[in-house]
Amino acid sequence: MATPSSSISNGFGLSMSNKMLIGVGVGVVAVGGVGYLAYRHFHRDVMPEKWRRIGTLQRVNVFPVKSCAPLAQPEKDEYECHMLGLGMGVVRDRRFMIINDKNEMLTARGYPHMLKIQPQQTANGLIFSAPGMPDVELDYKHLETPGEDVHTEVWGVKVDAMHCGSRFDKWFSQFILKSDSGLRLVYYPYPIPVRQINARLRKMPFIKREDAGAFNDATSYVLMNLSSIAELNTRLERPVDPLQFRGNFELKMDVDEPYAEDRWQWMRIGEDAVFRVVAPCTRCILPNINVNSAERDVDGEPLKTLRSYRLFNYASPALGIHLGLRRFGNVKANDVVYIEDNRI
């Protein structure tokens, strides 16, 4: 097939009007634009060939129940990076959620003392502990029998869940509401993410539907650069604990570079797990709650300070990055962390 340039060179261009020439030019640009978009789409997840070390994982956090404490695990434990989220064996990040009698999700934004609910992993499931409460054990084998779907939502995105059982409803209701009823514990029954992408992230060019996780707010993985949190703490009267940002990965950089994560596109942890940076992590009021006391900061910090210099073009300030898993692998504390090496 002749190209537009060859058509012009063999005589057709001499008789074309200016309007026709402009039309050809627009067509070339349009075709070129489509070609570029197609190239971008099919090559957006081509992994880097070169990597550059930037630091190590200081801490790995798995939050089995949305808005509750992370697993208390020794640093030596190794975690699997799966499309559904970070975890070990049957336990996965944010696979459980607490809902009210209207099937609406409950979070520590409204009930800060949820942060004191401590899950611990067992061979077949979890044990839940909380101040003033007897421990209650959940065996995953008892969750395998299908029950009635529970229709709920995570920030406006519909998702079906399964009911865990009345004894868990009573336990969580007693601790959170000081009542024998009113809440239910539900679990995510699917082996892969099935939710639609959170509305505020749909325009992000590199995010995929399978990055949504189980009951996660937006994606399966969030990374926090401890250098950024350290710099934020220089601006605060009362420094915050990194855990208040509820990241799965806490990165200790070899050389302090606050907010360097804003520029990263790819990340590898250890030898195998590879992630795409898909979005900045915008912040709600949850980081204002002290993870030890479960009390809100009286001055609305650190969100107030973050809004003064990390707002950009978002409705909320950004700190941390959302990651999409692009290659499975296992990770543990002290693993080396790499980013794409774009240096010539």
- [ ] Answer yes or no: is there a side-chain heavy-atom contact under 4.5 Å between F175 and M114?
- [x] no

Task: Common cluster, L232/L226, ILVMFWY with side-chain heavy-atom separation under 4.5 Å - done: yes

Task: side-chain hydrogen bond (donor to acceptor under 3.5 Å, both in side chains) partner of D211, the single match among R276, R195, R326 - done: R326

Open item on the list: Pairing donors with acceptors under 3.5 angstrom, does anything connect the side chains of N216 and D93?
Closed with: yes

Task: Residues D217, R109: salt bridge by 4.0 Å N-O rule - done: yes

TODO: Let me know which of W264, W266, F249, F206 forms a ring pair (Phe, Tyr, Trp, His ring centres under 6.0 Å) with F275.
DONE: F249

Open item on the list: With a sphere of 6.0 Å drawn around NZ of K203, does it hold more than 12 non-hydrogen atoms of other residues, nucleotides or ligands?
Closed with: no

- [ ] Report yes if the distance between the aromatic ring centroids of Y140 and Y187 is under 6.0 Å, otherwise no.
- [x] no

TODO: Indicate whether any N or O donor in one side chain lies under 3.5 Å from an N or O acceptor in the other, for N288 and E301.
DONE: no

Task: Pair N103, R184: side-chain N/O donor-acceptor within cut-off below 3.5 Å - done: yes

Open item on the list: Tell me whether the count of non-hydrogen atoms from other residues, nucleotides or ligands lying under 6.0 Å of CD in E104 goes above 12.
Closed with: yes

TODO: With R235 as the cation and Y309 as the aromatic partner, state whether NZ or CZ is under 6.0 Å from the six-membered ring centre and within 45° of the axis.
DONE: yes

